[in-house]
There are 2 protein chains.
Amino acid sequence: MNSEFTLAVHSLTYLALHPGQMATSNAISESTAVHPVRVRKVLGLLRKQGYIATKEGCGGGFILQVKPEDVGLHEIYKITSEGTLIPKCTPANPDCVVGANMKNTLTTIFGNAEKQLESFLAGYSINDVAMLVKKQPSKQISEIVSEL
Amino acid sequence: MNSEFTLAVHSLTYLALHPGQMATSNAISESTAVHPVRVRKVLGLLRKQGYIATKEGCGGGFILQVKPEDVGLHEIYKITSEGTLIPKCTPANPDCVVGANMKNTLTTIFGNAEKQLESFLAGYSINDVAMLVKKQPSKQISEIVSEL
DNA sequence: AAGAACTGAAATAAATATTATTACAGTTAC
DNA sequence: GTAACTGTAATAATATTTATTTCAGTTCTT
């Protein structure tokens, strides 16, 4: 899985857990440890698809436009990573049956594999991810520590 | 999908279509358009798992040790690519719930996705790939042309 | 109106990952 | 003994990913 998917899911989860608030690319950058320029670039994709709204200028940032439980991971996969499961298959020898046809063959097989992956990912929403993230123990511990 | 998988499947298919013959890394290199040293390296993985035999020295090369219909693509995936579906998730902010737990969460989800992918790939054998490759039209056409 | 705090986007640089190349020791056939 | 192979390590070249810099445009605040 490429890291744009991770970054998009991470960002959406962050926004889901800060409902009704504008989050700046800097804030998201601090959570993801990814450069704010890249955050803005990837979140631009989500904006174009209507998942988030952005506001420029002072007090601006990013905010969810959809209900977290309505966004399936397959939608994010499609936006950021569709096609990445399919092998690249750099040009092989066209004068060999195998070389000439391997690409088409694997593209067909993995096209179906990707469809199946997408229907698997459809079983998880951003809200599910947010809940899973909150259920994990690591933060509770560090929160307790930082509150001492 | 990483290219070691492609190279391994391509090589096994090549060997399946040249049964009982030793194929050199150079011959496979010509079909795959990949450097022979890399062919030898990847095929070394398949040898360690017993899928092929190699013979050093003059007249040596690679030869299948199993029946093509008995080798599922999931086996090759496991050897060459297991874990690649799971997002890398470079270290995020441990002081943010999301940053601290996204990696575990996605690893869990994609661990299951990968299991599902493997069972999908189990539906295809090297023999299936060989048949699909032969069924494609491109070679027939170029063969006809070169035989004129 | 001016300045501070933002996004959008392009261009460049740095870092990382992949692939090819070179080199050579060891093996086998003739 | 020599030619034709594999195995493996080290290095170089290339491609991809990620970060950085820069700046124009927008919005809020005073």
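Just so we're on the same page: letters track the sequence lines, and every chain starts at 1.
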Chain A on DNA chain D: first and last contacting nucleotide, 5' to 3', under 4.0 Å to a heavy atom? dT18(D) to dC28(D)

Specify the separation, in whole Å, of atom CD of E56(A) and atom P of dT7(C). 9 Å

Would you mind reading off the distance between L45(A) atom CG and dT7(C) atom P, rounded to a whole angstrom? 16 Å

Residues passing the side chain to side chain donor-acceptor pair (under 3.5 Å) test with T105(B), sequence neighbours excluded, are Q136(A)

With the side chain counted from C-beta on, respond yes when E118(B) and E114(B) share a heavy-atom pair under 4.5 Å apart, and no when they do not. yes

Does G44(B) reach a base, just sugar-phosphate, or nothing at all? Heavy atoms under 4.0 Å. nothing

Expected list for residues 23-32 of chain B near DNA chain D, using heavy atoms below 4.0 Å, is T24(B), S25(B)

With respect to F110(A), which candidate in F5(B), F120(B), Y77(B) satisfies the ring-ring contact (aromatic ring centres under 6.0 Å, His included) definition? F5(B)

Going by atom types alone, do H74(B) and S119(B) pair a side-chain donor with an acceptor below 3.5 Å? no

By ring-ring contact (aromatic ring centres under 6.0 Å, His included), which residues pair with Y14(A), not counting sequence neighbours? H18(A)

Starting at the 5' end of DNA chain C, write a dot or bracket for each base, bracketing those in Watson-Crick or G-U wobble pairs whose two distances are under 3.5 Å and using | for partners on another strand. ||||||||||||||||||||||||||||||

If we ignore angles and hydrogens, is there a donor and acceptor under 3.5 Å between the side chains of N2(B) and S81(B)? yes

In Å and rounded to the nearest 0.5 Å, what is the CG to NZ distance from L43(B) to K41(B)? 13.0 Å

Between CG on residue L121(A) and CD on residue E75(A), distance to nearest 0.5 Å: 11.0 Å

Name the residue closer to the 5' end of DNA chain D, choosing between G59(B) and R47(B) according to the nucleotide with the nearest heavy atom. G59(B)

Going from CE on M1(A) to CG on L85(B), what distance comes out if it is rounded to the nearest 0.5 angstrom? 5.0 Å

Rounded to the nearest 0.5 Å, the CG atom of N101(A) sits from the OG1 atom of T107(A) at a distance of 11.5 Å

Can you tell if the side chain of I76(A) reaches within under 4.5 Å of the side chain of L46(A), non-hydrogen atoms only? yes

Among side-chain atoms of S31(A) and H10(A), is any donor-acceptor pair under 3.5 angstrom? yes

Would you mind building the protein contact string for nucleotides 11-25 of chain C? One character per nucleotide, 5' to 3', B for base within reach (heavy atoms under 4.0 Å), S for sugar-phosphate only, - for untouched. --------SSBB---

Below 4.5 Å, heavy atoms only, C-beta onward: do L15(A) and I63(A) meet side chain to side chain? no

